[in-house]
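Below: the structure, in structure tokens.
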Amino acid sequence: MHDLTIFRRWLKWELDEGERVEADRGYRGEPCCKTPVDEHRPERAKMLASVIRNRHETMNKRFKHFGCMKQAFRHGIAKHAVCFRAIAVIVQLSLELNRFLKWMTDYNTMNL
């Protein structure tokens, strides 16, 4: 399922009134999303927005090493949240330690 579909169906309803999120060009037209095509933004704000989007893409890339965003979870819904949170903690710790844990690059979900 595309991330925009997930956002429209479930996530945007979790935002507070008037709250907006940083998003890529695919979200253009969504009133609660700031996108790179918002020309009225100052250059400093555009630069910061770019840093935020890049950081998000880095997180997606790290999650993909575990197959979280690439293949179907095949162990039942009950285990999904536990597994995803565990991976989120590992990724967060790697960021806090300012390095991507080397063993993660060799991780293969088929070995589970």
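Reckoned from all heavy atoms, side chains included, excluding hydrogens, waters and symmetry mates.
To the nearest 0.5 Å, atom CD1 of residue I52 and atom CD of residue E57 are 13.0 Å apart. Here CZ of R85 is found 10.5 Å from NE2 of H80. Values are rounded to the nearest 0.5 Å. Taken to the nearest 0.5 Å, the OH atom of Y27 stands 12.0 Å off from the CD atom of E22. Between H56 atom NE2 and D24 atom CG the span is 8.0 Å, to the nearest 0.5 Å. We find the CD-CD distance between E19 and E14 to be 10.5 Å, quoted to the nearest 0.5 Å. Put simply, CD on Q92 and CD1 on I87 are 14.5 Å apart, with the number rounded to the nearest 0.5 Å.
Taking R44 as the reference, M47 meet the side chain to side chain contact (heavy atoms under 4.5 Å, CB included) condition, with sequence neighbours excluded. The side chain to side chain contact (heavy atoms under 4.5 Å, CB included) test applied to L11 returns I6, F7, not counting sequence neighbours. Among residues two or more places apart in sequence or in another chain, the side chain to side chain contact (heavy atoms under 4.5 Å, CB included) test is passed with R55 by V51.
K12 and C32 make their closest contact through CB-SG, 4.2 Å (heavy atoms, listed as atom of the first residue, atom of the second, distance). Here the shortest heavy-atom pairing between K79 and H75 reads CD-O, 3.8 Å. Across all their heavy atoms, L4 and E30 have their closest contact at CD1-CG, 4.4 Å.
Remark: side-chain polar atoms of S50 are not paired, donor with acceptor, to backbone N or O of K46 under 3.5 angstrom.
Cluster annotation: W10 and V21 are assigned to the same hydrophobic cluster (Ile/Leu/Val/Met/Phe/Trp/Tyr, side-chain heavy-atom contacts under 4.5 Å, transitive).
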